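Have a look at the structure below, then the notes.
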Amino acid sequence: MPELWKVDLHCHSWFSRDCLMNPRAIIETARVRGLDKLAITEHNNVEGARYLKRLAPDLIIIGEEVKSSAGEFIAYFVQEEVPKGLSPEETLARLREQGAVISIPHPADSFRRSALGEANARRFIDQVDAIEVFNARCLYRDDNDAALALARRYGKLITAGSDAHSLGEIGHGYLLMPPFADERASFLHSLSQAQALGALSGLWPHFASTYAKWNKRLTGFEPPA
């Protein structure tokens with residue numbers, strides 16, 4: 001049987017404002033849970049992904065979850081950070097210019113204000129490579145099912161991830177996919193054969209994120225350089 005990697009394509013660390021996860025603990029947890037690759041996709045920065053990549057170059061994919069003026073995009077193999085708040089058109093242009101692989105995370109999530117939404121997802125569908133069809137932080141499986149239906153309707157590749165902000169979530173959402181090199185073409189070829197799997201994390205992780213935000217505000221926490 002061909003070798004398949006277990007790949008979580010959506011994870012945060014304490015470099016995101018709503019997360020307190022220590023990078024070394026993330027790497028240890030990912031290895032214990034059998035992940036072959038883990039994409040670090042901080043909110044609007046690549047600093048965290050670069051930090052973790054230095055600690056575990058064999059494991060980490062450098063990504064970024066960017067909030068445009070219309071909602072979020074997620075990208076892999078990002079070379080240069082894209083700031084938040086730009087128009088969707090400008091956000092996508094900057095990601096494409098650097099050869100990043102672009103996906104739309106949790107497009108049909110019923111509760112997240114940061115979600116692009118199905119209407120905007122259809123609007124920009126021709127400018128992205130993939131749709132995130134399983135996000136473990138979605139509260140309703142129907143929202144992930146709607147994302148999968150969108151990907152199938154438009155013939156898009158699929159991504160999946162835990163969207164982990166706490167150690168217990170890592171690996172809750174993942175792809176099984178053939179091995180790939182750390183570059184766009186190999187990754188896209190592997191995505192074309194990927195299968196999305198996982199289990200929803202439930203409500204409690206959202207409380208953990210709220211706690212992390214308030215903890216950082218009150219303590220003035222800053223990640224180490």
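Quick caveat: nothing in here was measured; it's all calculated off a predicted structure.
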Show every ring-ring contact (aromatic ring centres under 6.0 Å, His included) that has at least one partner inside residues 200-220, sequence neighbours left out.
none
Would you check, one step at a time, whether the test salt bridge (Lys or Arg N to Asp or Glu O under 4.0 Å) holds for Asp18 with Lys216?
CA-CA 8 Å; Asp18 55 352; Lys216 287 184 173 182; over 6 Å; no
Results of side chain to side chain contact (heavy atoms under 4.5 Å, CB included) for Asp36 - residues two or more places apart only:
Trp5, Lys6
Name all residues meeting the salt bridge (Lys or Arg N to Asp or Glu O under 4.0 Å) criterion together with Arg94; count only those two or more places apart in sequence or in a different chain, and write none if there are none.
Glu90
Which residue pairs pass the salt bridge (Lys or Arg N to Asp or Glu O under 4.0 Å) test when at least one of the two sits in residues 69-78, sequence neighbours left out?
none
Closest heavy-atom contact between Gly171 and Asp8?
N-OD2, 3.0 Å
Tell me, please, which residues at least two apart from Ser190 pass side-chain hydrogen bond (donor to acceptor under 3.5 Å, both in side chains).
none
If you look only at pairs with a residue in residues 21-33, which of them pass as a side-chain hydrogen bond (donor to acceptor under 3.5 Å, both in side chains), with sequence neighbours excluded?
Arg31-Asp58
Per the ring-ring contact (aromatic ring centres under 6.0 Å, His included) rule, what does the pair list look like for residues 114-162, sequence neighbours excluded?
Phe111-Tyr140
Would you mind reporting whether Asp109 and Asn135 have side-chain heavy atoms less than 4.5 Å apart?
no
Just jot down the ring pair (Phe, Tyr, Trp, His ring centres under 6.0 Å) partners of Phe221, sequence neighbours excluded, or say none.
Trp14
For Lys53, enumerate each residue passing the salt bridge (Lys or Arg N to Asp or Glu O under 4.0 Å) test, keeping only those at least two apart in sequence or located in another chain.
Asp182
Scan residues 78-108 for pairs that pass ring-ring contact (aromatic ring centres under 6.0 Å, His included), counting only residues two or more places apart or in two chains.
none
All side-chain hydrogen bond (donor to acceptor under 3.5 Å, both in side chains) counterparts of Arg122, not counting sequence neighbours
none
Not counting sequence neighbours, list each pair that qualifies as a ring-ring contact (aromatic ring centres under 6.0 Å, His included) and has a residue in residues 20-44.
His12-His43, His43-His165
Hey, any chance Met177 and Ile60 share a hydrophobic cluster, counting ILVMFWY side chains that come within less than 4.5 Å of each other, even indirectly?
no
